[in-house]
Amino acid sequence: MPELPEVETIKNTLKELVIDKEIQDVTIHWPNIIKKPDDTELFRMMLKGQTFRDLGRKGKFILFYLDDYVLVSHLRMEGKYQVTPPDDPVDKHTHVIFSCTDGEELRYHDVRKFGTMHLFLKGEEFIHPPLNKLGPDPFENHFTFDYFYKKMKKTDRFVKIVLLDQAIVSGLGNIYVDEILFKAGVHPLSRASKLTKKEIRSIYEGCIETIDAAVKLGGTTIRSYVNSQGEMGMFQQNLFVYGQEDEPCQHCGQLILKMKVGGRGTHVCPACQKKRWYD
DNA sequence: GGAGTTGTTGTACC
DNA sequence: GGGTACAACAACTC
């Protein structure tokens, strides 16, 4: 379940491997991955002859910049890219293969088949779903405290739900939201508008610092995540609450609790993250 | 075979 | 019409 730090790591390792490669052909084993254009044969024809010029990221999306198009890819829970020689045996969970003129292949692998690909003309990627309504991610200049503070103050939703809302801040998922709230000492069921300025600042800084620290460690490896070179991230050693249910809190020793918030598994230290009576 | 897993989209509602 | 809640959905593992 890659979130921003894992997607950033994948993008960076993949960039070295695919840049300047020209797509000779595209083989699609599971057409449902391709959301735009509707016609997968058109998808294939558009990509033939295009060269990878650059890679980018917005929130949890990877952007492959080609000559005339941008391929927008979301890995959802288990999507992976690998670059292989063509004689490598094709795994049954490989769904899209970009065969390049130098003989190597960029393969998209996804056990769950939940991932998506959208192909746009260059320059049009941000005016259509899925990128059109995304908020800033924590690394962008316009993710300012002032912006964040106003967004938090104008909604009564649970703070955890707000942090998961990609229109407010993009790139955060279940793991990092739980960690950010723990570090800020804020209970996930707090109403966003009721938070103090100090708490909002603490969460804001946590978004930037936690994500930055996770990127520096190559992301978090739980279950199956590895980068495009098959390496695991190391941030899982820095998790305080996610996946720590029934373990003692590293700050106070109380047992970490697992609960549901908005249907999502949520990890909380009942002592460090007090829920107040007026929340 | 039912529950658990997750992020996004569509829809109904106020 | 904006904000919100929630169901639906994708498909696989245990």
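Not measured: the values here are computed from a predicted model. Note on naming: letters A, B, ... go to the chains in the order of the sequence lines (proteins, then strands), and numbering restarts at 1 for each one. FYI, side chains are in, hydrogens and waters are out, and symmetry mates aren't considered; it's all heavy atoms of this structure.
- Residue A:Asn32 places at least one side-chain N or O closer than 4.0 Å to OP1 or OP2 of C:dA11.
- Look at A:Lys113 and you won't find any side-chain N or O under 4.0 angstrom from OP1 or OP2 of C:dT13.
- Residue A:Val111 places its side chain closer to C:dC12 than to any other of B:dT6, B:dT9, C:dC12.
- Counting non-hydrogen atoms under 4.0 angstrom, A:Gly262 reaches nothing in the nucleic acid.
- Rounded to whole angstrom, the span from the CZ atom of A:Arg112 across to the P atom of B:dA3 amounts to 16 Å.
- Residue A:Thr116 is out of contact with every strand shown, counting any heavy-atom pair closer than 4.0 Å.
- Rounded to whole Å, atom C1' of C:dT4 lies 11 Å from atom CG of A:Asp156.
- At least one side-chain nitrogen or oxygen of A:Gln166 sits closer than 4.0 Å to the OP1 or OP2 atom of B:dT8.
- Between A:Phe61 and A:His118, the distance from one ring center to the other does not fall under 6.0 angstrom.
- Counting non-hydrogen atoms under 4.0 angstrom, A:Lys151 reaches nothing in the nucleic acid.
- Put simply, CE on A:Met77 is 13 Å from P on C:dC14, counting in whole angstrom units.
- Here CE of A:Met46 is found 10.0 Å from CG of A:Asp39. Values are rounded to the nearest 0.5 Å.
- Distance A:Asp165 CG to B:dT6 C1': 15 Å, rounded to the nearest Å.
- In this structure, A:His93 atom NE2 and C:dT13 atom C1' are separated by 10 Å, rounded to whole Å.
- In this model, the phosphate group of B:dT6 is approached by a side-chain N or O of A:Tyr242 to a distance below 4.0 Å at OP1 or OP2.
- Heavy atoms of A:Asp110 sit nowhere under 4.0 angstrom from any nucleic acid atom.
- Atoms CD1 (A:Ile161) and P (B:dG7) sit 11 Å apart, rounded to a whole Å.
- Whole-Å rounding puts the A:Arg76 CZ to C:dT13 P distance at 19 Å.
- Between A:Phe98 and A:Tyr81, the gap from one ring centroid to the other reaches at least 6.0 Å.
- Under 4.0 angstrom from either OP1 or OP2 of B:dT8 there lies at least one side-chain N or O belonging to A:His74.
- Side chain of A:Arg157, nearest nucleotide from B:dT5, C:dA5, B:dG7: C:dA5.
- You'll find the ring centres of A:Phe52 and A:Tyr65 outside the 6.0 Å limit.
- Taking the six-membered ring for Trp, A:His251 and A:Phe240 have ring centres closer than 6.0 Å.
- Side-chain N/O atoms of A:Lys133 include none lying less than 4.0 angstrom from OP1 or OP2 on C:dG3.
- Proximity of A:Trp30 to the phosphate of C:dA10: no side-chain N or O atom is located under 4.0 Å from OP1 or OP2.
- Summarising the geometry, the separation between NE2 on A:His95 and C1' on C:dA10 is reported as 11 Å, rounded to the nearest angstrom.
- Residue A:Lys35 is out of contact with every strand shown, counting any heavy-atom pair closer than 4.0 Å.
- Checked by distance alone, A:Arg264 brings no side-chain donor or acceptor within 3.5 Å of a matching partner on the base of B:dT6.
- Between A:Phe120 and A:Tyr69, the gap from one ring centroid to the other reaches at least 6.0 Å.
- Along DNA chain B, the nucleotide closest to A:Pro130 and the one closest to A:Lys260 are compared, and the more 5′ of them pairs with A:Lys260.
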